[in-house]
J.: 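Quick one: structure below, then a few questions.
In the text below, chain A, chain B and the rest are named by the order of the sequence lines, each starting its count at 1.
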Amino acid sequence: MNNEEASKPLNFIETIIEEDLKNNKHSGRVHLRFPPEPNGYLHIGHAKAICLNFGLAEKYNGKCNLRFDDTNPVKEDTEYVDSIREDIHWLGFDWEDREYYASDYFDQLYEWAVNLIKKDKAYVDESSADEVAAHRGTPTKPGLESPYRNRSVEENLDLLERMKSGEFKDGSKVLRAKIDMSSPNMHMRDPVMYRIKHAHHHRTGDNWCIYPMYDFAHGQSDFIENITHSFCTLEFEVHKPLYDWFLDNIIDDPEVNRTRTRQTEFARLNLNYTVMSKRLLLQLVQEKHVSSWDDPRMPTISGLRRRGYTPESIRNFADRVGVAKRENIIDIGFLEHCIREDLNKKAQRVMGVLNPLKVTIENYPEGQEELLAAVNNPEDETMGMRKVPFSKTLYIERDDFMEDPPKKFFRLAPDREVRLRYAYFIACKDVIKDTSGNITEIICTYDPASRGGNSPDGRKVKATLHWVSAKHAVEAEVRLYDRLFNIEDPYKTEEGKTFLSNLNSESLQIRKGYIEPFIKDTEPLDHFQFERLGYFCTDKDSTPEKPVFNRTVTLRDSWAKHANK
RNA sequence: UGCCUCGUGGUGUAAUUGGCAACACGUCUGACUCUGGAUCAGAAGAGUCCAGGUUCGAGCCCUGGCGAGGCAGCCA
């Protein structure tokens with residue numbers, strides 16, 4: 001731990017860990033785990049949990065396991081385990097050889113279930129699912145005991161064995177813990193431990209036809225792996241008494257029980273202008289509202305990666321949003337701040353025009369070309385310089401010219417002079433329009449003495465524009481992304497509508513861009529700043545013949561802010 | 001009308017045995033600038049959900065309210 005870390009105030013989770021360390025509860029060990037279910041792609045909310053668990057392990061010189069919580073074969077798939085592995089590694093974390101699966105523990109769990117029956121703490125119930133639900137009561141009304149609750153140990157043992165051997169149909173029987181049907185905590189009302197599912201499991205194949213429930217697998221998995229602290233999100237808070245009940249009834253040694261893992265809950269991450277539920281993200285993918293799980297508009301880690309987010313920016317974001325128990329909604333602008341901050345330091349600068357306006361420099365010699373020196377990154381001298389070609393016919397951004405400019409518009413206008421970055425001062429002399437009055441071209445003159453961007457007489461210009469030589473420009477597809485939803489809270493809908501009605505129909509706009517030749521050899525995941533426009537990232541669809549860029553985020557734009565007022 | 005958890009600037013997170021409510025993002029000024037970017041300097045913005053109580057002193061302790069979220073899958 002460095003000094004900066006040591007002086008930073010602790011969050012409530014670090015306080016718990018340090019307290020346990022101080023009391024030597026686990027002999028100085030900190031051993032955590034990140035336990036995703038492989039039923040979907042990881043999103044930025046998971047990134048918070050990943051950074052929390054792996055980050056804490058790093059900070060306290062401990063370990064963090066990756067454990068797939070794969071107790072429900074009908075929802076899970078190896079495609080998801082592969083993506084989860086890739087995403088965590090990409091974020092920069094490593095679980096070494098500690099990649100575990102809840103399904104690794106099926107034998108042990110079964111043995112514990114048998115033991116619980118022997119202690120008369122579990123029974124086989126053959127009520128239907130509807131009956132079980134009806135008998136459970138409601139949060140305000142106690143439940144009713146099942147008619148099968150008091151079978152003999154022998155009968156229960158026999159029935160469980162036969163459930164396991166495949167004798168019964170799905171849904172016909174369950175194994176339940178015998179706890180308290182009148183508990184004020186619904187989860188303690190004889191929770192289901194095992195259900196019958198004749199389904200193929202991505203790892204255990206057809207070995208099993210009964211599968212443990214989350215509650216009967218999670219705490220025990222933590223225990224088996226010798227986890228010291230089990231961090232999960234708030235919705236599991238009401239499960240904690242059950243987490244403890246199973247372990248208390250499984251572990252016979254009181255000393256082991258005293259030091260075993262404890263669950264601590266924290267508030268999950270929420271972001272405005274997006275949704276963070278795997279179910280809804282799956283729906284967006286399946287119904288083709290987005291192209292895939294890694295569509296750059298998705299809040300998935302793979303989507304953010306493709307969008308151009310860096311691991312550092314996400315880790316920094318996770319670190320800075322902090323962790324607490326109260327519900328929170330983080331402004332997506334804060335995530336954007338984090339990526340701008342990182343890319344500002346790292347990104348290669350390049351000039352590109354996305355909405356071109358042709359400029360002819362009338363006093364520039366026909367056929368002449370020259371190379372002008374440009375800085376690759378003003379924030380990082382070591383990134384060096386490059387040459388940008390200049391010629392008589394250029395493109396500038398259409399927004400950078402106004403025939404009749406308002407008061408605070410500094411850019412190009414008739415008879416006004418501006419600088420072309422790293423090139424020359426130019427002044428607008430004429431405007432050419434088509435028959436319907438649209439501007440098709442502007443005619444400018446340049447000042448040869450201002451080569452490189454400064455005029456020897458010291459005169460100032462109020463604006464510097466980016467530009468590209470028409471002849472040398474590389475054509476590219478540029479994908480401009482915006483927020484996926486129109487409103488902060490996509491769940492807020494009119495009567496009878498779903499979150500889909502809040503989808504932003506303009507979240508993707510495709511443009512043909514003209515980029516300086518420097519980007520010719522770009523490869524997927526390269527980051528650039530297109531000067532004055534934003535940060536861009538080469539897409540995986542990109543080819544040398546047809547480069548494709550995704551806009552990660554715009555630059556901050558105080559003019560746009562002013563213009564919108 | 002049950003149980004659990006949580007209420008601190010617009011947003012998020014702090015305030016370690018009670019001691020002038022701090023930091024970040026955002027917002028607004030100004031400086032600088034070959035990116036209306038970055039950077040730098042500054043400002044506004046909460047008296048800590050409410051009401052009582054203990055105390056010289058309460059965001060923190062006590063009591064009572066109010067509000068928000070979670071819990072009734074053979075999902076996790």
J.: Which nucleotide in the list B:C3, B:C74, B:A72 gets nearest to the side chain of A:P184?
T.: B:C3

J.: Any strand is fair game: report the nucleotide pairing with B:G67 by Watson-Crick or G-U wobble, both distances under 3.5 Å, or none.
T.: B:C6

J.: Under 4.0 Å from OP1 or OP2 of B:G2: is there any side-chain N or O of A:T138 that close?
T.: no

J.: Using Watson-Crick or G-U wobble geometry with both distances below 3.5 Å, tell me the partner of B:C32, or none.
T.: none

J.: Counting only side-chain heavy atoms from C-beta out, which of B:U35, B:G12, B:A76 sits nearest to A:R421?
T.: B:U35

J.: Using distance alone, with no hydrogens and no angle criterion, decide if A:Q348 and A:N376 have a side-chain donor and acceptor under 3.5 Å apart.
T.: yes

J.: Any side-chain N or O of A:R195 under 4.0 Å from OP1/OP2 of B:C75?
T.: yes

J.: Which nucleotide, B:C75, B:G26, B:C71, lies nearest any side-chain atom of A:H337?
T.: B:G26

J.: From the set B:A14, B:C75, B:A76, return the single nucleotide nearest to any side-chain atom of A:E235.
T.: B:A76

J.: Go through B:U13, B:A72, B:C75 for me and flag the one nearest to the A:E37 side chain.
T.: B:C75

J.: What string of B, S and - do you get for nucleotides 36-47 of chain B 5' to 3' if you count protein non-hydrogen atoms under 4.0 Å?
T.: BBS---------

J.: So, do A:Y211 and A:Y194 have ring centers that fall under 6.0 Å from each other?
T.: no

J.: Scan every strand shown for a Watson-Crick or G-U wobble partner of B:C74, both distances under 3.5 Å, and answer none if you come up empty.
T.: none

J.: Please write out each protein N/O paired with an N/O of nucleotides 6-10 of chain B under 3.5 Å, distance rounded to 0.1 Å.
T.:
unit_1 : atom_1 : unit_2 : atom_2 : d
B:U8   : OP2    : A:R326 : NH1    : 3.4
B:U8   : O4     : A:R326 : NH2    : 3.0

J.: Is any N or O donor-acceptor pair between the side chain of A:H239 and the base of B:A76 shorter than 3.5 Å?
T.: yes

